[in-house]
Structures are given as C-alpha cells and as structure tokens.
Amino acid sequence: MDSSRPPEELTPEEAAEELARLAAAIAAADRAYHGEDAPQITDAEYDAMKRRNAALEAAFPELRRPDSPSERVGAPPSSAFSKVRHSMPMLSLENAFAEEEVADFVARIRRFLNLPADEPLAFTAEPKIDGLSLSLRYEDGRLVQAATRGDGTTGENVTANARTLDDIPDEIPDAPALLEVRGEVYMSHEDFAALNARQAETGGRTFANPRNAAAGSLRQLDPSITASRPLRFFAYSWGMVSEPLADTQMGAIERLAGFGLPTNPLTVLCHELEELLAHYRRIEGERANLGYDIDGVVYKLNRLDLQARLGARSATPRWALAHKFPAERATTQLRAIEIQVGRTGALSPIARLAPVTVGGVVVQNATLHNADYIAGRDSRGQPIREGRDIRVGDWVTIYRAGDVIPKIEDVDLSRRPPDAVPYVFPETCPICGSDVVREPGEAVHYCTGNLVCPAQQVEKLKHFVSRNAFDIEGLGAKTIEAFFADGWLREPADIFHLESRHGTELRRREGWGERSAANLFRSIAERRRVPLNRLIFGLGIRHVGETAAKLLARHYGSWERFRTAMEEARDHEGPAWDDLNAIDGVGPTLAASLVDFFHEPANRAAIDRLVAELEIEDVAAPSASGSPLAGKTIVFTGTLERMTRAEAKARAEALGAKVAGSVSSRTDYVVAGPGAGSKEKKARELGLTVLSEEEWLEMAG
Ligand code: I6G
C-alpha cells in the first residue's frame with residue numbers, strides 16, 4: 001500500500017489496513033525507544049508515522065482502532081512507574097449477564113451459608129463505573145500511597161498523580177491509623193468532550209472514550225499533566241484497615257463518605273433478588289443521563305461477617321457480583337475464515353470481518369470457537385442459531401460484552417451471496433501439515449504435530465514470556481518469531497542461554513545494539529527467580545490457566561512436591577491423584593491434562609532443562625501465620641451440622657490448610673460428623689487424629 005496517497009483517496013479497507021500497520025509499527029518503535037526490542041527508527045520517521053496516523057483517523061474517524069497510537073498519550077511503559085505490592089490482593093468480580101445468573105448468585109450464598117429460605121438477606125447495589133481501579137493508602141490520616149490495580153497483586157505507584165485529584169483528600173483527620181481505600185478513577189462525559197476538543201485544538205492526541213482518557217491521564221510520568229486533566233474518583237471498597245469500618249457494607253460506604261471521599265449516590269440497600277433486579281433496571285434506565293460511563297451494577301452481600309465466612313475464590317469474592325449490561329451489537333460482512341494454531345495445538349477459527357464499530361471500538365476479527373459453532377451446532381450436537389451455519393461472504397451480527405473478544409451471534413440468510421459455500425474445517429494443520437484430530441466429547445480440533453509444529457512451539461514460547469507467566473520484558477511476539485526462525489529459541493530453557501550462546505551476534509544484529517541487548521539479558525536474568533505459580537502457568541499446559549496455576553502452587557507449596565505428585569498420579573489413581581482432584585477448582589479434565597503432560601518424556605526433559613536454570617520460589621500458605629492449621633491436610637467426612645461442607649473447606653483453606661478428598665498417611669486431621677463411614681474407619685486404623693465438628697470449630701476459630 002502506498003502511504004503517500006492522500007487519505008481521501010483511500011477506500012475504508014485500505015485505510016483500515018494502513019492504520020493497523022501504523023499501530024503495529026508505532027508500538028514497536030515505542031518499545032524500542034524504551035530500550036526493548038524491535039528495530040530503531042529516526043525521530044523524523046516516527047513523527048511522520050504519527051502524522052500519517054492522525055490524518056487517516058481524521059479522514060476515517062469510524063476506523064480508529066482500540067490500540068490507536070493517538071490514544072497512547074505518550075503512555076509510558078509500565079516499567080516507568082515503580083511497582084507496589086498490594087497488602088491485600090485487589091480481586092476482580094464475577095460477572096453475570098442474565099437474571100438467572102443473579103438468582104443463582106443469591107441461591108449459592110444461601111446454600112454456602114446454609115441459611116433457611118425465610119431468613120432475610122440484604123445486599124448493596126451500585127453502578128459499576130467504567131474507569132480504572134485505584135488503591136489509596138492512608139497512614140495516620142495522611143495519603144502515603146496510591147497504586148493502580150495492575151495484575152491484582154502488584155500495581156503501579158501513581159501517588160504523585162493521584163494527589164492531583166480534587167476528589168482524593170490528602171488528609172483524613174478522623175481516619176483509622178491505617179486505611180486503604182479502593183475505588184474507581186473516571187472522567188465524566190462532559191469533561192471528556194472538553195478535553196478532546198482542547199487536545200484537537202492544540203494538536204494534541206484525542207481519546208476514543210472516557211476510560212482511555214482516564215487511564216492515559218492517570219498514568220502520566222509528569223504529574224502536572226495529570227493535574228490538568230479532569231479526573232474524578234468514587235470510593236467503593238477498602239483493603240487493609242487497622243480497625244473495622246462497620247458491620248455492614250452499607251455502613252462501611254457511609255464511613256468512607258464521612259471521611260470526605262466521594263461515594264456513588266446510586267448505592268442502595270436491597271432485600272432479595274427482586275429488589276436487586278429492580279435497581280438494576282432503574283440504573284440501566286438512567287444510564288444515559290448519569291454523565292459518566294458505567295457497564296453494569298455491582299451487588300454485595302451487606303453483612304461483613306457473612307462476607308468473611310464466604311471468603312474468596314482465587315480471584316473473585318463469593319459475596320459480590322457484577323451484573324453487566326447487555327453486549328453491544330453491529331452487522332458486518334465475513335470476509336474470510338482463518339485458522340490459528342495455539343500453544344496447545346488447538347485450531348481456532350477466526351472470522352476476518354469488514355471493519356465495523358461496536359460500542360466505540362473498530363472490530364475486524366471475531367472468534368468462531370470451533371467447527372461445530374461454524375456449522376450451527378453446540379457441543380452436544382444441538383442446533384444453535386436454529387442450525388444456520390456461517391459461510392464466507394455472509395452478513396453477520398457481532399457482539400461485544402465488556403472487554404471480551406467479539407463473537408458472531410447470528411447470520412442473515414436473506415443476504416447470503418448465492419455462491420457462498422459451507423465452510424470445510426481443515427483435516428491437516430495449516431502450519432505443519434500434521435493430521436488434525438478431534439477427541440470424542442471435545443469440541444476442539446488439535447494439531448498432532450506437538451513438538452514438531454512450529455506454530456505450537458512459537459506460541460508456547462510467547463505464552464512463556466507473557467505478562468502473567470514469566471513476564472520477560474523486551475522479548476515480544478515479533479522477537480520470539482525472529483529468534484525462532486533463526487533457530488536461537490526452540491524451548492523455554494533456550495531463553496536462559498541466549499546471552500551465552502548468541503550474545504555477540506545479538507549485539508550486532510540489525511535493530512539491536514549493546515544497550516538493547518543488555519536490557520534484554522537483564523530482564524531475562526531477573527526472571528531466573530520465579531514464583532511457583534508463574535512457572536506452572538508458563539509451562540502452557542492445556543486447561544491450566546492462571547487461576548488453576550495459583551491453586552496448584554498454593555496446594556503443593558513447592559516445585560519438588562508438585563513435581564513428585566504429578567509423577568505419583570500418572571496412573572490416574574492412588575492418593576496423589578485423589579489429592580489433586582480434591583483441590584477446589586481442579587476438575588478431572590484439568591487433572592488428566594496436567595498428569596499426562598508430566599508423563600510425556602519429552603515434556604519432562606524440557607522441564608528439567610528449564611528448571612535447572614531457575615530458582616523457584618515456594619508459595620506460603622495464605623494468611624496462615626500462627627494458624628494451627630497452616631500446611632496441614634484435612635479430610636471432612638460425614639455431615640457437618642454447624643456449617644456447610646463448602647464453608648468448612650473455604651475456612652480451612654483460608655487458614656492455610658489443604659483439604660483432601662481421601663484419607664492417607666499424609667492426612668493430618670479427619671473431621672468426622674454423623675454418618676462418617678469408611679474414611680473415619682481408615683483414619684482410626686492409620687492412627688490419625690479424628691476431630692468432632694466441635695473440636696474442628698474450636699481449632700478454626
Ligand atoms: O472492580 C470492582 C468494581 C466495583 C470491584 C468492586 C466494585 O464495587 C463497586 N468491588 C470489589 C469488592 C471488587 N472489585 C473486588
């Protein structure tokens with residue numbers, strides 16, 4: 001494509017393609033500038049690309065990309081801010097879209113707590129602000145730290161910037177000695193429009209939506225720029241506090257308001273499901289007139305003692321729910337179906353679409369899930385879309401809900417081109433040519449090439465270095481692809497040999513130099529020490545996502561214990577297998593995938609080569625210091641009368657214990673209620689400590 005042509009002469013397709021190219025090139029140049037990978041370019045070339053991008057966006061405003069370079073407002077790389085480890089994790093919220101899911105949330109709480117149906121339950125309901133989360137730390141009434149959410153465990157230190165917000169007090173004289181306030185930074189519609197107008201007038205960058213404007217404005221290296229931006233804040237929660245704020249969620253929100261923090265005026269107390277749904281509908285009705293973006297309504301159980309009993313899963317509290325507004329939709333034409341091969345060999349069909357705006361974002365790709373989905377069937381062979389298949393050339397309705405990848409909802413058969421033909425799913429891998437298989441009961445086709453499939457190898461490496469795995473800065477997707485093509489990288493262990501094997505060549509490589517090579521080697525060296533959960537996640541095992549990796553790391557505690565257990569469980573039976581399956585959140589599919597992965601000699605050898613390069617951090621049992629249950633293995637059997645099995649299990653885990661499903665010599669305690677049978681008998685035979693429910697309650701506090 002000739003980028004010297006005036007934008008007015010381009011077709012929308014040509015403009016969209018050029019915008020995509022520019023976004024990638026500018027992002028690469030930004031990374032290079034900050035000492036990462038990619039070739040260097042001159043300032044003049046960089047400026048020319050930015051100007052061309054701005055001109056194209058001015059001519060085709062509807063094609064502005066979600067990753068538009070003009071939205072990046074010089075957003076510095078995350079490493080520009082120092083990191084802050086949150087004293088308590090900043091969890092996320094479970095999402096619901098349908099009313100039945102809200103009903104299920106309420107029912108689950110009742111079940112977990114074993115509450116009679118007639119016992120009243122109250123919840124708060126408040127708008128979910130579409131901004132970015134912030135945690136503020138006050139010590140002796142003075143603001144000492146502000147941090148973004150980051151990955152929930154570690155965020156960025158934006159204290160100087162947060163101090164510039166009028167809504168955030170520098171001092172709270174009557175605050176407890178320690179008070180962490182959590183809330184959302186956002187920008188109102190009016191302020192957003194005025195900021196964009198000002199930016200356009202002065203030749204500055206404009207923003208696609210208020211959320212991007214708020215994020216870009218808060219994450220400025222120069223706090224005086226943040227100060228010039230109209231940012232606002234709503235407090236909705238708290239982290240570590242030296243004394244309880246109240247007995248109820250509503251009481252705590254009122255305390256926060258009493259400290260002079262803004263809280264959302266649409267926060268109300270509701271009783272039972274119907275009131276929650278009524279408030280949702282009311283907020284949905286008022287959404288357009290609120291003056292700021294919201295994307296749903298958050299429900300929280302009001303009593304804090306019950307919240308504490310319910311606790312949290314690995315990433316979301318059991319006592320809160322985000323009831324999201326319906327997805328946004330648009331219609332466009334399907335141009336092609338392409339197959340991507342992922343790190344586990346899964347073949348993912350991707351829809352390439354004529355560019356269309358959905359909820360302010362240009363969409364050109366959508367997921368097609370799997371062969372059945374394209375053919376108009378679900379995984380059980382039942383029709384979806386009333387059996388309508390999806391063909392190249394079709395007009396399709398796509399939808400986006402929240403941040404999720406756009407999906408195709410339906411096909412307009414009345415607009416189907418006469419020559420459109422049913423899609424034939426490939427029988428061989430489009431990358432390596434190996435056979436493609438679909439296991440009985442599975443929806444996904446897999447490439448059987450495994451370690452010989454270049455796509456799988458490259459995607460495994462990309463996954464390994466990704467943010468939530470080893471998080472190796474400077475080793476981006478393009479660099480992995482280039483190093484793979486040159487034979488420098490084949491498996492994760494090779495990353496740790498890059499300097500010794502290819503250091504000299506890299507320093508002389510086009511686009512690289514002493515400084516960028518040194519930066520890369522430094523970031524690799526920094527990752528030789530790795531938390532156990534990141535290592536497990538980084539291995540890229542099918543079905544083992546970030547949450548599962550955290551559960552496994554927490555359960556086994558050390559690499560040695562984890563590795564030994566995987567080998568002991570290889571026959572899918574015996575105590576190690578039972579123990580793995582008893583982990584809350586680990587199902588049989590995940591367990592089998594994990595154990596089979598470790599059973600494969602080639603995988604074991606690659607892992608050994610990797611582990612030889614690493615120092616793996618053990619995972620301490622959570623909040624268990626001083627707990628008599630820390631590190632212990634407990635089995636519950638029989639009926640518990642004072643709390644449900646789910647609550648007992650959650651409580652034991654919160655105190656640092658592991659809950660197993662079967663009794664073995666490694667079990668520390670067996671809690672036996674009425675009706676306990678063979679497990680109690682076995683425990684007594686093995687001479688284990690058997691506790692009554694009363695004794696267990698005493699121990700669990
Ligand atoms: O991400 C969130 C948005 C709003 C929240 C949240 C919230 O309350 C109104 N509350 C909690 C407890 C969490 N995330 C974890």
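Both ligands and their constituent atoms are indexed starting at 1 by order of listing. Remember, it's a predicted structure, so these values are computed and weren't measured experimentally.
Aromatic ring pairs are classed by plane angle as parallel below 30°, tilted from 30° to 60° and perpendicular above 60°; the pair Phe123 and Phe105 is tilted.
Between the side chains of Arg229 and Ser217, at least one donor N or O sits under 3.5 Å from an acceptor N or O.
Taking every heavy atom of Glu126 and a limit of under 4.0 angstrom, the matching atoms of ligand 1 come to 9 (C). Applying the 4.0 Å criterion to heavy atoms of Lys300 picks out, from ligand 1, the atoms 6 (C), 7 (C), 8 (O), 9 (C), 10 (N), 11 (C), 12 (C).
Under 4.0 Å is where a charged nitrogen must lie from a carboxylate oxygen, and between Glu546 and Arg467 no such pair does. Comment: Asp151 engages Arg534 in a salt bridge, judged by a side-chain N to carboxylate O separation of less than 4.0 angstrom.
The nearest protein atom to atom 5 (C) of ligand 1, hydrogens excluded, is given as Leu93 CD1, 3.4 Å; this is a heavy-atom distance. The protein non-hydrogen atom at the shortest distance from atom 2 (C) of ligand 1 is Tyr236 OH, 3.4 Å. In terms of protein heavy-atom proximity, atom 15 (C) of ligand 1 is nearest to Leu91 O, 3.2 Å.
The shell of residues lying under 4.0 angstrom from ligand 1, judged by heavy atoms, excludes Arg149.
Taking the six-membered ring where the residue is Trp, the centroids of Phe562 and His555 are separated by 6.0 Å or more.
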